[in-house]
Amino acid sequence: MKHPRSLSSRRDFRRVMHTGARKRSSFGTFYVVRAVEDNAVSSLGLAVPRRVGGAVTRNRIKRRLREAYRAGAPERGFDVVIQARPEAAHVDFQQLAEEVSRLVAAQ
RNA sequence: GGAGCCGGCCGGGCGGCCGCGGCCCUCCUCGCGGGGGUCGAGGAAAGUCCGGACUCCACAGGGCAGGACGCUGGUGAAAGUGCCAGGCGGGGCGACCCGCGGAAAGUGCAACAGAGAGCAGACAGCCCCGGAGCUCGCUCCGAGGUGAUGGUGAAACGGUGAGGUAAGAGCUCACCAGCGCAUCGGGUGAUCGGUGCGGCUAGGCAAACCCCGUCCGGAGCAAGACCAAGCAGGAGGCACGGGUGGCCCGCCCCCUCGGCCGUAGGGCCGGGACCGCCUCCGGGUAGGUCGCACGAGGCGAGCGGCAACGCUCGUCCCAGAUGGAUGGUCGCCCCCGGGGCUUUUUUGGCUCCGGGACAGAAUCCGGCUUAUAGGCCGGCUCCACGA
RNA sequence: GCGGGCGUAGCUCAAUGGUAGAGCCUCAGUUUUCCAAACUGAAAACGCGGGUUCGAUACCCGCCGCCCGCU
């Protein structure tokens with residue numbers, strides 16, 4: 001399975017965060033919305049604020065979340081924003097991947 | 001064996017599986033595709049404290065203001081404590097470490113204590129003179145002398161000795177320390193050593209104002225260049241061509257159109273808008289390419305130099321993302337800590353659990369500073385013991 | 001990337017080279033039947049580490065934290 005596209009523009013972030021379904025987990029808040037076209041490649045936006053750590057841990061969180069998404073979440077049809085919390089750096093990867101798949105697929 | 005000083009280096013390794021970014025090659029069903037190869041974070045990539053390269057502001061001068069720096073000589077493209085070597089002063093038993101223009105240009109500052117704190121000062125004390133008293137080794141009163149003694153303070157206007165004196169005092173002398181001038185010698189120099197003379201003392205703080213010397217234009221790769229796409233302008237002010245940057249001065253240079261003159265550089269005359277800048281409101285776009293990865297470059301030899309470093313030769317090509325790649329996960333080994341077992345101690349073996357730092361390139365480079373688990377190497381000092 | 005400002009009692013702020021102060025808060029006492037108010041008293045601080053100075057909250061240097069601009 002391939003990695004999802006990355007969201008970049010402020011506009012896209014706003015769209016997903018305002019119109020999407022909000023779900024919480026121990027390591028972050030999820031915003032999930034159906035993509036405009038059903039078989040478009042899914043998009044993933046990662047919001048990792050400065051307060052969770054330095055550049056190293058923030059990058060690490062983003063990499064782990066991307067990998068966790070790739071491991072099981074739908075390849076097509078969803079736009080997702082994950083707002084990370086400091087716990088995301090320490091959560092077991094197995095648990096992280098299951099949580100991401102479950103919360104996205106539940107939509 | 002213990003304690004310590006200085007310098008340099010590394011900063012997990014190997015292998016599966018699944019992935020990411022750049023470049024090259026290749027295949028086809030040509031696309032937002034497949035395959036192969038290759039490269040892919042750091043010693044600090046960090047903080048942004050200095051300095052440069054580079055780009056734009058069209059370009060150089062003088063003065064003022066402002067800022068930075070400050071022993072000497074090297075080195076380096078440059079630089080606040082860049083680095084190396086040296087000088088002087090201070091600290092430490094020592095290896096070593098820390099500091100560095102000027103206080104006899106001027107202004108200013110010093111709480112409390114203390115008699116007195118900046119051309120210093122009589123509280124006690126000491127001494128002399130006059131008077132009075134007396135138990136006649138003194139006491140009291142008055143006028144003076146004195147910076148040797150006490151006490152205060154961070155700091156009290158050289159130290160020791162002798163002479164001198166009523167008591168004292170650089171008052172005089174000798175030596176020492178320190179200062180100035182002259183001079184000799186060593187050193188490129190900071191400065192060191194010596195000789196002579198002078199006057200006897202000139203305090204501290206410039207990370208207080210300041211003085212002297214040296215240096216400094218501004219902005220920053222979101223610089224800047226090109227391409228593409230796209231909308232809708234309005235109000236006010238400034239200027240009446242622009243340029244100079246914080247200010248001033250003088251000077252110089254550059255636009256366009258028409259006409260005339262000149263071989264030409266250019267000159268003269270006349271005209272000058274589209275437009276420009278600033279502030280506010282409103283609208284559009286925030287895509288691509290270049291800059292952008294060969295450089296004050298890395299590594300290894302040789303030579304020169306005490307060294308920093310330089311020169312020559314050989315060899316290598318070594319990240320270029322753009323919401324931002326260099327990862328996720330598993331196994332083995334290594335290191336550290338803890339528990340259990342093994343025959344007791346030391347050494348060791350087996351097994352289980354936990355941990356392995358600080359930290360992520362964004363134009364590039366040279367420094368500085370700060371963070372950092374654990375480990376390696378080299379040089380040196382002091383103490384104790386032994387030979 | 002470039003630049004600026006601020007860290008002082010629990011909170012909001014002063015003082016600027018010598019002893020750090022005010023208001024609110026807290027605690028104790030007086031007063032009151034009790035509470036409040038009032039009065040009296042007390043506790044409590046210069047972000048951290050070096051340096052300059054006799055002496056630093058202030059001056060200089062380096063860190064740490066927070067806030068704000070410009071592009």
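In what follows, chains are A, B, ... by sequence order, proteins preceding strands, each numbered from 1.
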| task | Start with the C-alpha distance between A:Val80 and A:Tyr31, add both sets of side-chain angles, then the distance that settles side-chain contact (heavy atoms from CB on, under 4.5 Å), and finish with yes or no. | result | CA-CA 6 Å; A:Val80 181; A:Tyr31 300 87; over 6 Å; no

| request: Kindly indicate, with the supporting measurements, whether the criterion side-chain contact (heavy atoms from CB on, under 4.5 Å) is fulfilled by A:Thr29 and A:Ile82. | output: CA-CA 6 Å; A:Thr29 304; A:Ile82 303 176; over 6 Å; no

| A:Asp79 vs A:Ser42, side-chain contact (heavy atoms from CB on, under 4.5 Å): CA-CA, chis, key distance, verdict | CA-CA 6 Å; A:Asp79 289 344; A:Ser42 294; 5.6 Å; no

Atom pairs, protein N/O to nucleotides 353-355 of chain B N/O, distance under 3.5 Å:
none

Distances for protein N/O vs nucleotides 326-331 of chain B N/O pairs under 3.5 angstrom?
from	atom 1	to	atom 2	distance (Å)
B:U326	OP2	A:Arg63	NH1	3.3
B:G328	OP1	A:Arg60	NH1	2.6
B:U329	OP1	A:Arg64	NH1	3.2

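Taking atom P on both nucleotides, B:G328 is separated from B:U343 by 45 Å, rounded to a whole Å. B:U285 and C:G4 have their P atoms separated by 37 Å, given to the nearest Å. B:C227 and B:U75 have their C1' atoms separated by 49 Å, given to the nearest Å. Between B:G340 and B:C382, the distance separating the two P atoms is 47 Å to the nearest Å. Between B:C341 and B:A373, the distance separating the two P atoms is 35 Å to the nearest Å. Atom P of C:C27 sits at a distance of 12 Å from the matching atom of C:A37, rounded to the whole Å. The separation of B:C335 from B:A222, taken at their C1' atoms, amounts to 47 Å, rounded to a whole angstrom. Separating the P atom of B:G116 from that of B:C192 is a span of 42 Å, rounded to the nearest Å.
For B:U345, there is no paired base (Watson-Crick or G-U wobble, both distances below 3.5 Å). The nucleotide B:C136 finds no pairing partner, because no Watson-Crick or G-U wobble arrangement with both distances shorter than 3.5 Å includes it. The partner of B:G230 cannot be assigned: no Watson-Crick or G-U wobble pair with both contacts below 3.5 Å exists in any strand. When both pairing distances are held under 3.5 Å, B:G196 makes a Watson-Crick or G-U pair with B:C181. Checking B:C350 for Watson-Crick or G-U wobble geometry (two distances, each under 3.5 Å) identifies B:G340 as its partner. Figure legend. B:G241 is base-paired to B:C254; pairs are counted as Watson-Crick or G-U wobble with both atom distances under 3.5 Å. Pair check for B:A273 finds none; no Watson-Crick or G-U wobble contact set falls under 3.5 Å. Across all strands shown, B:C303 is found opposite B:G310 as a Watson-Crick or G-U wobble partner, with both distances under 3.5 Å.
Listed by chain and residue number, A:Glu87 satisfy the salt bridge (Lys or Arg N to Asp or Glu O under 4.0 Å) test with A:Arg85 (two or more places apart in sequence, or in another chain). Listed by chain and residue number, A:Arg70 satisfy the side-chain hydrogen bond (donor to acceptor under 3.5 Å, both in side chains) test with A:Glu67 (two or more places apart in sequence, or in another chain). With sequence neighbours excluded, the residues forming a side-chain contact (heavy atoms from CB on, under 4.5 Å) with A:Arg64 are A:Arg60, A:Phe93, A:Leu96, listed by chain and number.
Note that the CG atom of A:Leu44 and the CG atom of A:Leu65 stand 7.5 Å from one another [nearest 0.5 Å]. Atom CZ of A:Arg58 and atom CZ of A:Arg63 lie 12.0 Å apart (nearest 0.5 Å). Interatomic distance, A:Ser25 OG to A:Arg102 CZ, rounded to the nearest 0.5 Å: 8.5 Å.
Counting heavy atoms from C-beta outward, A:Phe78 and A:Val33 have side chains that stay 4.5 Å or more apart. Inter-residue side-chain proximity for A:Val100 and A:Phe27 is flagged as met; some heavy-atom pair is nearer than 4.5 Å.
Distance alone, capped at 3.5 Å, places no donor-acceptor pair between the A:Lys23 side chain and the A:Phe30 backbone.
Here B:U256 is in the anti range [glycosidic angle more than 90° from 0]. In this structure B:C129 sits in the anti conformation; its chi angle is more than 90° from 0. Using a 90° window around 0 for the glycosidic torsion, B:G379 falls outside it and is classed as anti. Applying the 90° cutoff around 0 to the glycosidic angle, B:G170 is assigned syn. Taking the O4'-C1'-N9-C4 or O4'-C1'-N1-C2 dihedral as appropriate, B:G241 has a value more than 90° from 0 and is therefore anti.
Rounded to whole Å, the distance from CZ on A:Arg58 to P on B:A359 is 13 Å.
Across all non-hydrogen atoms, the minimal contact from A:Ala97 to A:Ala68 is CA-CB, 3.8 Å.
Nucleotides of RNA chain B nearest to A:Val48 and A:Asn59 differ in position, and the one nearer the 5' end is that of A:Val48.
Helical stems in RNA chain C, defined as runs of 3 or more consecutive Watson-Crick or G-U wobble pairs with both donor-acceptor distances under 3.5 Å, are listed by first residue as C:1-7 with C:64-70, C:10-13 with C:21-24, C:26-30 with C:38-42, C:47-51 with C:59-63.
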